Amino acid sequence: MAPPAFENENTVFRMAQAGKTAELDREYEEALATLRKRAGEGLPMLVAGKEVRHPATFDDHDPATGDVIARFPKGTAADVDAAVKAAKAAQPAWERLGWEGRAAVFEKAAGIMRRERPMLAALMTLENGKNRVEAYYDVDEAIDFLKYYAWQMREHKGYVVPLGKPFPDETCVSVMRPWGVFAVVGPFNFPVAIPTGMTAGALITGNAVVLKPASDTPWCSHEVVRILHEAGVPREVLSLVTGGGREVGQPLIDHPQVDGLVFTGSRDVGMRNYQAFVGKRPRPYIAEMGGKNATVVTRNADLEKAATGVVKSAFGFGGQKCSATSRVYVHESVHDAFVAKLTEKARKLHVDMPWKKEADLGPVINAGAVETFEAAVAAARKAGGQFVAGGRVLKEGPLAKGHFVEPTVVVGLPLDHEAFRQEYFVPFVAVGKYHDNEQAVREVNAADYGLTFGVVSSDPEEVQWFFDRVEAGVQYANRDRGSSTGAMVGGQSFGGWKFSATTDRGAGGPWYLTQFLREQSRTYAGGMRPPQ
Ligand code: UN1
């Protein structure tokens, strides 16, 4: 039987088409109320098949209120060691289960996650401040990863490929084997989707995993691991260790029995790991390390579309996406008209408690992000930037206890200013003027990063011209649902060039899984044949 074709969950879109948005809202609000009753609960790590608690814990905060929503154990190097050793011991049996058995586990996990979607979306809002619509998108992306990777295993028949026949008595075959144990280090910004995608990629190919979530979002990872265990991933094959980078992250990366590392996070940490990890012995290091994504608005652009797409991309989840647009180059002939539209739309955005239906932006993740925002504002002011929208930290009324800042648009900065080069990861976008398309491409490519790119132009040749010249792994033309954000599993393989990534194969794309595997060619001579 042919495997079923992959289809995106697309819950928000699908429910809106069916006129059922109210149902989604009700489920979300019920889940939120249930979660609030658990406030302050102490949750365990899941290490080597056991629930592990320590007297020393750290607080998991709601960034909108500062409230403690849960407490997690401060893990240690001993927890890491126990997790890695259990993973190493359990991995061979997991590999022997075979790809069909593993694919079935992940299809089952997709079903469980679908059932728990409202809870996961509400939890995400509480833990990282993502608004409800974007939280649903995040959970959908996780379910998509589970389904897509299971489908990829089936499509490729476990990546077993018959090879040639160099001599008449030889039968040769290529098989792809897991490396062993992968360390997975996750980010706060897509706390369900990204840990799920990275973990599923490693596990479905027959590896074992030790997952270390971002310290700001351990609860979401806790639920992801619980769901994968429930679906049938053996507990020793997948452990969750919580705690700081120094206490847990570093010992995990340094552990001699870790055979591969998957990381999504900052460039600084990513590059430091790179040297340390790959320098020690040959093994895969799959890292996604940020972006300084540009959108180019040409003289042939539909300016309404351009402004809508840039607002979504620059300010979706408060600019805290690797894929966010944080710089815009606009042709001088349409610059002022575009800026007027962008300004109007940015000023209309509503910053509020992220669980409220009317909130476009919630808080940024923590006090450090507010500091980054303030430093970016100060640097732009110093260089004569003009703030046409935002620029302030919000401290009024109910926002006082959270980390709230205004969506900010700056114009008039020199094109070599840091706002066009450095990743801030806050809702801050710099808009500059360009004279001809050659100059625009030069400016876009002048940043170290090369993750996503958007161009807005109604001229197909002009779009193609940019696509062929811009150095970025993910490119979009005329996308008003996000000029550079919103990659969907199976539709936009998501991976970066240059300092944005260490690999060349995008997540949610056809080549991703091969990174977790190493090839082994097997020759059966003397007329023997491989077992069927
Ligand atoms: C990230 O921020 O690390 O394309 C990934 C997007 C999301 C993924 C972002 N699907 O915006």
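Note that ligands are numbered from 1 as they come in the structure, with each ligand's atoms numbered from 1 the same way. Note that the structure is a prediction, hence the values are computed from the model and not measured.
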- Task: Indicate whether the side chain of D268 and that of S266 have a donor and an acceptor atom separated by less than 3.5 Å.
- Result: no
Ranked by distance from atom 9 (C) of ligand 1, the top protein heavy atom is F190 CE1, 3.5 Å
### Query
Taking distance alone, with no angle check, do S323 and ligand 1 share an N/O pair under 3.5 Å?
yes
### Query
So is K130 actually on top of Y136's ring, under 6.0 Å and inside 45° of the axis?
no
Atom 6 (C) of ligand 1: closest protein heavy atom, distance to 0.1 Å, is G486 N, 3.2 Å
query: Does the N or O separation between F494 and ligand 1 drop below 3.5 Å for any pair?
result: no
- Query: For the rings on Y434 and Y329, is their centre-to-centre separation under 6.0 Å?
  - Reply: no
Practice item. Assert yes or no for the condition that the ring centre distance of Y274 to F263 is strictly below 6.0 Å. Key: no
protein heavy-atom neighbour closest to atom 10 (N) of ligand 1 works out as A487 O, 3.0 Å
ask   = Can R226 and E223 be counted as an ion pair, charged N to O under 4.0 angstrom?
value = yes
Looking only at distances, please establish whether an N/O atom of ligand 1 is found under 3.5 Å from an N/O atom of I194.
no
Checking heavy atoms under 4.0 Å, the part of E141 that sits near ligand 1 is side chain
For T485, the ligand 1 atoms with a heavy-atom partner under 4.0 Å come out as 11 (O)
Q) Between the side chains of S484 and T325, does any donor sit under 3.5 Å from an acceptor? A) yes
Kindly confirm or rule out an N or O of N189 lying under 3.5 angstrom from an N or O of ligand 1. yes
Practice problem: Anything under 30° is parallel, anything over 60° is perpendicular, the rest tilted; go ahead and classify F387 against F428. | Solution: perpendicular
In this structure, atom 2 (O) of ligand 1 is nearest to the protein heavy atom C322 N, 2.7 Å
